[in-house]
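Data first, discussion second: the structure below is written as structure tokens.
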Amino acid sequence: MPPKSVPLPAKPSKPYFFYGHRKPSQNRPVVYGGLFSNRQVLKPPQSPQPPSPPFDLRKWDPHHLSQNPSPPPIPTPHQHSKLSPIARFIIDAFRKSQYTWGPSVVFELNKLRRVTASLVAEVLKVQDDPILASKFFHWAGKQKGFKHNFASYNALAYCLNRNGRFRVADQLPELMDSQGKPPTEKQFEILIRMHADKNRGQRVYYVYQKMKNFGIKPRVFLYNRIMDALVKTGYLDLALSVYEDFRGDGLVEESITFMILIKGLCKAGKVDEMLEVLGRMREMSCKPDVFAYTAMIKILVSKGNLDRCLRVWEEMQRDGVEPDVMAYVTLVAGLCKGGRVQRGYELFKEMKKKGILIERVTYGVLIEGFVKDGKVGSACGLLKELIDSGYRADLGIYNSLIEGMCDVKLIDRAYKLFQVTVQEGLEPGFATVKPMLLAFAEMRRMSDFCKLLEQMQKLGFSVNDDLSKFFSFVVEKGERTIMAVRVFNELKVKGYGSVLIYNILMGALHKTGKVKQALSLFQEMKDLNFEPDSSTYSNAIICYVEDENIKEACICHNKIIERSCVPSIEAYFSLTNGLCKIGEIDAAMMLVRDCLGNVTNGPMEFKYALTVLHACKSGAEKVMEVLNEMMQEGLPPDNIICSAIISGMCKYRTIEEARKVFANLRTRKLLTEANVIIYDELLIEYMEKKAADLVLSGLKFFGLESKLKAKESAGKVPSCAIELNRLSAGVWLHPSAQLACFCFSLLLGPNMHSAVSGYEMIAFDPLSPDCLFPNNCGTIVFPDFEQVFVFGSFTEDETRSLLSKQSSGNSEKPVATKELQFGSFNVAAGGSLGSANGNLSNKPSSTNGSIEFLSSTSRIEDGKSRKTTTDHSLNTLQTPKEAGSANSSSSCSLSNGVKQLNAKGIDVTSVHLSINELNPLSDSQSSKFHVLESEIIENRDQNGTVDTSLGGSVRGDIAKEEKDPIKVVKNLVPRGLINSGNLCFLNATLQALLSCSPFVQLLQQLKLRNIPKVGYPILTSFAEFVSDFDVPSSDSKLKKKDTAVLEIGRPFSPVMFESVLKSFTPDVPNSISGRPRQEDAQEFLSFIMDQMHDELVKLQGQSGSSNGVRSSLVSYAEDDEWETVGPKNKSAVTRTQSFLPSELSDIFGGQLRSVVKAIGNKASATVQPFLLLHLDIHPEAVLTIEDALHLFSAPEFLEGYRASTAGKAGVVTAKKSVKIQTLSKIMILHLMRFSYGSQGSTKLHKPVHFPLELVLGRELLVSSSTEGRKYELVATITHHGREPSKGHYTADARYPNGQWLRFDDASVTPIGTSKVLHDQAYVLFYEQT
């Protein structure tokens, strides 16, 4: 046996000493002897930093930031024990300069005599600052006689990629080539490997393309790496293109090459292509093993492609590959979860026959599959086999069996299984007892229900918490809400109940529209001494607002504030909306501010309401810009936004500008005529209320309240107030302003003088006929005196001008009425239904109190809300006579009735509502917020003439539109169209359009118009076309779904479209009597829609303007551009193409919003119109119309995108997404079956399924709250044939009674929905429901 070798002691590293000194030189200073090597880089001492206190948002003040912000952390280089002395010297030079490049670093580096490329690579390998590394690399390259080698280039590439500068690293091949060092395959391999490790598939393909440009052909292993990276990142198409290059280079595939492609094709669901690759793999004698097949099965199971998974299983058996346990278990689990439990059970028996050890998980999957399939008996048999095999069932298996037994009403057996779980100590939970509780409740076995609860309590269950989970589960389906309330009524007698259960039931009752029952639960909760929480009060607020009891809703809000809690966002929104409806605008705006200050992300309506308030300072144009932005975000103006416009304009601008905004909304059909009238009345009332508050503030400022109370106690106030009402008939004043006026008369006495604040204030006797009231409550004018008392806030010049105007009149002549400004309030412009003389002719009632903000708290006191009544007539309109009395003009009856919200005065103290008892004389004001359609309000002036204006700027075409007769769509008798030769594309398109009822209505209106013969070929053709269709006779009118009798007219030839066809195909000589070729129906549809839109805009321009300038669908002027802030506070630069609407675009038109987000740049959004949507159906994943719509809005990555802010070198990667911003009434979906390439036109015969009812997913829309997402199918166009240039077109259209008809040129036949829903449709027509 040889002796054991004794390890030699390690030799200590011998330091290098330099004795003497070198001669000084330009690049190297004097270096004295000493220890030069083996020195360590000393780390600066790090003192432990004290832990920073937690951030408190409430204490954060952005205006007082720290004056000495902490410097950014200094990057520390990687420590490497094997660095050479020169490399350590360079790193120390970087450290001394705080890792910033500058003269100090250059000075230190110039001490080195020579720098080698290997030294540069050594430094770059440990450097973490990419900027410093690049500067050093560039400095080294400028040294005399220096040349970089591959090692230094590679080190720089690693350094840049390590620090996130991979795009810069991709430019190194060009740098190498410019410096006379052409890159090799190794440099590209490094870049590809770096991108592949970070899953940057597109960058891998970018480097590969660059590699081809340099003329370098990758080897097999590099091709495999490229394709694997592309497949893993989901770019299968690019991987297949690389594979084509692979074969073009004459390389031979390896097994891993085939497996990369097979995995990618399996992920994409392309089983046919995968089988082709598998066959090529067999030809190359590279048969896949069991692991490869198992990987394919696992991928297909994860994608849910069970049919293709079974095909792979058959291929595996064909190759004679014996499946292992993993393959069996994966396939059985996928089949059971996919609803094919019987096939999975067959494989399970095959496993048992082969003697494969079956795990308990496989039993559990099969049992769960049988339970879902309703085969509880088979599931119980498997449980027995599981126990006989020596396994012990786990809790999940028992839960599945209990749920299945409860579903088939075997509740007693389920209860026995529950007892087994208890006996075996499996610790059952709520998931175990939930099915039994539900079954007992549905079967009304409440005694067993309570026994189960008692047993749960003995087992340590938290019964109240589990009951809350149970009721939450029950009310998920709205139809079970009543059952939940019934169960709870029986449980609370036995002492079961909690605040959380009450909250769940109240919320469920509110969702199902049972508000009264929800409020009764709330009252019952308080009677049983349960302490409501903030969620309870929030639910109560919503219910009270819907019950139109704003007073109680305000009380609930106060209760939440008293508890220092915050209401829910839904409660904030509901209460704000309720306050806006009753005219309490100040309280509503305070709630808006309170909500945005208390919640993390408030409603977008609230955010825009504050934006509108701020925009009112700049005028109506700025407000309309904000409203346009709202519409782009899918938020039409509601009560809150309109109330914000009223508040902002009354505070910062005038009534006229507010009316300008409302008139614009009415023109754009965002407000109805009735809503404009209602908001106009609210605007006047709010302005007068603010003016009255200003007058009352003047009383308080002069300290006259005590004298007022003394006069009130003497009993003189009521008589004077009544007399004031008599004197001011025809010149209506707000009640508070009236009260302020006679307060001055009572305090100062008749014909008395009193000097106030430097002015001689004239008192008056309200019983004297010499007292005149002008058309505003801002001045009091007396003909016998020259002095005037002015209420309001004016500049000195305005006051002097006002006094000079009022005093310049003749004493024998009544003083003319002037328009005065209360600060910035234009009161004289407040006439809603004005007469010819400009005075207020309508006397609306008002609230008997004013809105005050006395504190900064957010508490609402009790107030009386305005109750809802129904009134079918307008208030009597008052018109002043010359003698000062009033006449009542005849009132107009409303045909549909107006639901009015009568408000008893609600005073607000900083969102604090209280009752004001000062003025008991005024009636409550009716605020109309319901739709008024087709009413014309006529006002008579004092001369007896009729004025149909609405006051302010709300005039013009409203009455004109209401006087027009209501157009009713007349059903047309279906007729076939004769095909004289290759005209089926025309016939099918026209028949599909006739199935759209809005379009038929438009054609019937065109038939009645006087359309010029020249310049309008589309309109004249359609008008003549629809004239050839008859209306069904009275005895043949069909009821819904009545298809026993069907009236069909005789076919005719659409010769009126000959001129249209000549414009569509000018190269075809003979258009209508026989054509030499077939045309694309979708192209023809787009052509006639575009032309018809242009002609409608042109026709409208000739009738509405004098210049007759032709307009088109999209204006080519420079688009508007502004920055918008959308959801989650994301900003985007939005460009909107100028769109001229027409009657056709109102039917088929919508808007798309395309957003491009480049790295380092703000998102750029473009809003553009559309008349039909083109859907790509070529990807393999598109199997239904929903898949095509999802692909349409899926994000798309743009390589080589040039950002506008980056200049010429700003090529970056960007992401583009397209979503629908505005939905159309009729949505036309074009399935792109035809493609045009180098081989000519081809047709895709791919089956694409579509439903009768289409619901657009919220992910397709810009705003998730957009309504009208549900569409119904009304027509389809189908191309029959193998080639696009040949074949035949037919149309399927829905008749008004619900019967589907197939139009095959002159043939019209009824068909069933099963024939309609084929999978080869070309164009789909969906109508919004």
Side-chain angles (χ1 to χ4, degrees), residues 337 339 368-369 371-376 396 399-411 414-415 418 428-446 448-450 452-453 456 461-492 496-522 524-525 535-536 538-540 542-543 546 568 570 574 1186 1251-1259 1264-1265 1267 1269-1270 1329:
K337 292 180 180 179
E368 185 178 354
V371 168
K372 288 183 178 179
D373 204 22
K375 301 177 180 178
V376 182
N399 289 347
S400 299
L401 288 171
I402 290 173
E403 183 177 1
M405 291 179 177
C406 292
D407 290 340
V408 296
K409 305 304 179 185
L410 298 175
I411 183 63
Y415 186 75
F418 171 66
F430 174 70
T432 308
V433 299
K434 179 182 69 175
M436 294 187 290
L437 291 174
L438 181 61
F440 282 138
E442 290 176 345
M443 299 170 66
R444 297 178 179 266
R445 295 171 56 178
M446 292 308 300
D448 295 330
F449 191 100
C450 295
L452 183 56
L453 291 180
M456 290 168 57
F461 283 74
S462 179
V463 177
N464 281 332
D465 293 342
D466 289 337
L467 280 177
S468 302
K469 298 176 184 177
F470 169 74
F471 283 111
S472 298
F473 169 73
V474 171
V475 300
E476 284 178 358
K477 295 183 178 180
E479 61 271 13
R480 297 194 302 206
T481 302
I482 300 300
M483 184 193 75
V485 175
R486 173 178 54 80
V487 172
F488 181 65
N489 288 335
E490 298 188 26
L491 289 178
K492 65 187 176 186
Y496 296 105
S498 65
V499 176
L500 183 56
I501 296 176
Y502 274 105
N503 294 343
I504 294 169
L505 294 179
M506 286 179 62
L509 288 171
H510 167 257
K511 288 181 180 179
T512 55
K514 299 177 175 60
V515 178
K516 294 290 185 183
Q517 295 185 30
L519 292 176
S520 64
L521 273 182
F522 177 62
E524 174 189 304
M525 182 180 179
S535 298
T536 312
S538 295
N539 289 331
I542 299 172
C543 294
E546 290 197 9
S568 65
E570 293 79 9
S574 180
E1186 291 87 349
L1252 288 175
E1253 291 187 357
L1254 176 65
V1255 179
L1256 299 181
R1258 297 184 184 275
E1259 70 276 2
S1264 61
S1265 62
E1267 298 180 355
R1269 298 185 298 116
K1270 188 174 181 181
T1329 59

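- Of all heavy-atom pairs between Met436 and Tyr415, the closest is SD-CA, 3.7 Å.
- The two residues Arg480 and Phe473 come nearest to each other via the heavy atoms NH2-O, 3.2 Å.
- Atoms CZ and CG, on Phe471 and Leu505 in that order, are 6.0 Å from each other to the nearest 0.5 Å.
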task = Just do the side-chain contact (heavy atoms from CB on, under 4.5 Å) check on Val485 and Leu509 with the steps written out, would you?
result = CA-CA 9 Å; Val485 175; Leu509 288 171; 4.0 Å; yes
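- Residues Cys543 and Leu519 share a closest heavy-atom pair of CB-CD2, 3.5 Å.
- Residue pairs meeting the salt bridge (charged side-chain N to carboxylate O under 4.0 Å, His left out) criterion with at least one member in residues 508-517, sequence neighbours excluded, are Lys516-Asp547.
- With a 4.5 Å cut-off on side-chain heavy atoms, Leu491 and Met446 count as touching.
- For the pair Ile501 and Lys492, the minimum side-chain heavy-atom distance is 4.5 Å or more.
- Listed by chain and residue number, His1190 satisfy the side chain to side chain contact (heavy atoms under 4.5 Å, CB included) test with Glu1259 (two or more places apart in sequence, or in another chain).
- Between Ala484 and Val474, the shortest heavy-atom contact is CB-CG1, 3.8 Å.
- Atom CE of Met456 sits about 5.5 Å away from atom CG of Leu437, to the nearest 0.5 Å.
- The side chain to side chain contact (heavy atoms under 4.5 Å, CB included) search around Glu1253 returns Lys1270, Glu1272, not counting sequence neighbours.
- Note that the CG atom of Asn464 and the CG atom of Leu453 stand 9.5 Å from one another [nearest 0.5 Å].
- No donor-acceptor pair closer than 3.5 Å links the side chain of Ser568 to the backbone N or O of Ser538.
- A pairwise comparison of heavy atoms in Phe418 and Pro428 identifies CE1-CG, 3.8 Å as the closest pair.
- To the nearest 0.5 Å, the span separating CG on Leu1254 from OG1 on Thr1329 amounts to 10.0 Å.
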Atom pairs and distances, side-chain donor-acceptor, residues 400-410, under 3.5 Å, sequence neighbours left out:
{"from": "Ser400", "atom 1": "OG", "to": "Gly396", "atom 2": "O", "distance (Å)": "3.1"}
{"from": "Lys409", "atom 1": "NZ", "to": "Glu442", "atom 2": "OE1", "distance (Å)": "3.1"}

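- Here Ser574 contributes atom OG and Ile542 contributes atom CD1; the two are 5.5 Å apart, rounded to the nearest 0.5 Å.
- Checked against ring pair (Phe, Tyr, Trp, His ring centres under 6.0 Å), Phe470 has the following partners two or more places apart in sequence or in another chain: Phe449.
- Surrounding CZ of Arg486 are more than 12 heavy atoms belonging to other residues, nucleotides or ligands, all under 6.0 Å away.
- When atom types are taken as modelled, the side chain of Arg445 and the backbone of Ala439 share no donor-acceptor pair closer than 3.5 angstrom.
- Screening residues 496-510 for side-chain hydrogen bond (donor to acceptor under 3.5 Å, both in side chains) gives Tyr502-Glu524, Asn503-Asp533, Asn503-Thr536, His510-Glu546 as the qualifying pairs, with residues at least two apart or on separate chains.
- Note that CZ of Phe461 is 6.5 Å distant from CG of Asp466, once rounded to the nearest 0.5 Å.
- Shown here for Ser520 and Gln517, the closest heavy-atom pair between the two residues is OG-O, 2.5 Å.
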